[in-house]
2 protein chains.
Amino acid sequence: MSTPTIHSDALAQKLADSGLRNTPQRELVYDALLTKRDHPTADEVYARVKTQLPGISLATVYNCLETLVQCNLVRVVNFERAPTRYCPHLHPHAHFHDESTGATHDIELPDQLLAAIKAVLPSGYSADAVEITFRGKLPSPR
Amino acid sequence: MSTPTIHSDALAQKLADSGLRNTPQRELVYDALLTKRDHPTADEVYARVKTQLPGISLATVYNCLETLVQCNLVRVVNFERAPTRYCPHLHPHAHFHDESTGATHDIELPDQLLAAIKAVLPSGYSADAVEITFRGKLPSPR
DNA sequence: AACAATAGTTAGAATTATTCCAATTTAGAC
DNA sequence: GTCTAAATTGGAATAATTCTAACTATTGTT
């Protein structure tokens, strides 16, 4: 048989780069994301892929998505499902999430920058809130 | 007895403005957030408040936090616990979450703006990733 | 080609954060 | 003081995700 999905070449390449195997499940999951680019949830991807591969399991969909993220083919929108956190600091500000410690630090945002950020919205869009989160590792404390 | 917590006045005021009652639980929850500003989870707040009011329930902590958010005294950091979404669009971009429909749209970010955003980090900080999410309602479609 | 070693998939159980619900308690209005 | 609505409580329910152990497929080796 020929390639079962549309974008298998790029995927196969990236997988090989990471020393991972190409599988029909991975192809179909990636294809589902590329075919309808509406930021689906794992469950939605599961539903779509199932029409083509009825035997696939939800666990596999999660595994494949994780693999695609690790190969830099896919990004996660609501980063790592961590418990919601609460902040009594109301002045608009960003957060820096330190991946070494798990701590979250406030980062001040100049009003000017905030205005510039809101200005990128196409006309017709208006945002009630903007959430800006940096992720990275802080150098070990002095 | 006098006021059991430190910041009860501002809280009482805001609650009154919203037609809500002041309760010891709400005071203690708010106080926990103000006393240690480390963006705690609901569970962490629960643990802290429990030392002062052992009978409080986790459900009440969730309720109080929700109330404080509604009074504009507290902000949520990882907005609404929704399923993680996946995006095959790798070019740096922001997301607009339309609260009317639940849909998520890509928003392009000029490189220049992205650079300006990264520039607000204090020295010593370096971000592997920046997540920018707008939330709002889109006008009904034409 | 057979065969081990490894990687991937599967179903279902387990976990975790959160919400819901029905019953009880509390606070403010009269 | 009593009534009514609001708030709290404990426990059950839900939902997203992760874990586990068994099975399957693929690769490299002989």
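What you see is a predicted model; the values in this text were computed from it and never measured. Just so it is clear, the values below take in all heavy atoms, side chains as well, and ignore hydrogens, waters and symmetry mates. All chains are named by letter (A, B, ...) in the order of the sequence lines, taking the proteins before the strands, and each is independently numbered beginning at 1.
- Atom C1' of nucleotide C/dG8 and atom CD1 of A/Ile56 are separated by 11 Å, given to the nearest angstrom.
- Regarding A/Leu53, its CG atom lies at a distance of 12 Å from the P atom of D/dA25, rounded to whole Å.
- Both B/Leu20 and B/Tyr46 sit near DNA chain D, but only B/Leu20 has its closest nucleotide nearer the 5' end.
- In this structure, the side chains of A/Ile56 and A/Lys50 come closer than 4.5 Å at one or more pairs of heavy atoms.
- For the pair A/Tyr62 OH and D/dC19 P, the computed distance is 13 Å after rounding to whole Å.
- Annotation for A/Thr133 and A/His97: closest pair CG2-CB, 4.5 Å, computed over non-hydrogen atoms.
- At C/dT10, one or more side-chain N or O atoms of A/Thr60 fall inside 4.0 Å of OP1 or OP2 (strictly under the cut-off).
- Atom CD in B/Gln70 sits roughly 14 Å away from atom C1' in D/dA6 (whole-Å rounding).
- Between B/Glu44 and B/Pro40, the closest heavy-atom pair is OE1-CA, 3.0 Å.
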Can you build the contact string for nucleotides 20-30 of chain C? Use B for base contact, S for sugar-phosphate-only contact, and - for no protein heavy atom under 4.0 Å.
B-----BB---
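- Here the CG atom belonging to A/Leu138 is positioned 4.5 Å from the CG atom belonging to A/Asp98, to the nearest 0.5 angstrom.
- With A/Arg135 contributing its side chain and B/Glu131 its backbone, the two residues share no donor-acceptor pair below 3.5 Å.
- Between A/Leu121 and A/Ser126, every side-chain heavy-atom pair lies at or beyond the 4.5 Å cut-off.
- Taking only side-chain nitrogens and oxygens, A/Gln25 never comes nearer than 4.0 Å to OP1 or OP2 of D/dA25.
- If you measure from atom CD of A/Glu66 to atom P of D/dC19, you get 10 Å, rounded to the nearest angstrom.
- In this structure, A/Phe96 and A/Phe134 have parallel ring planes: the angle between them is below the 30° cut-off, well short of the 60° mark.
- Between its two ends, the helix from C/dA1-D/dT30 to C/dC30-D/dG1 turns its axis by 20°, counting five pairs per end and rounding to 10 degrees.
- Between the CZ atom of A/Arg26 and the P atom of D/dT26 there is a distance of 12 Å, given to the nearest Å.
- Residues B/His95 and B/Ile132 form no side-chain contact, since every pair of their non-hydrogen atoms from C-beta on lies 4.5 Å or further apart.
- The distance from atom CG of A/Leu28 to atom P of C/dT9 is 11 Å, rounded to the nearest whole Å.
- In this structure the side chain of A/Cys71 reaches within 4.5 angstrom of the side chain of A/Leu15, judged on heavy atoms.
- Taking atom CG of residue A/Leu58 and atom C1' of nucleotide C/dA13, one finds them 14 Å apart after rounding to whole Å.
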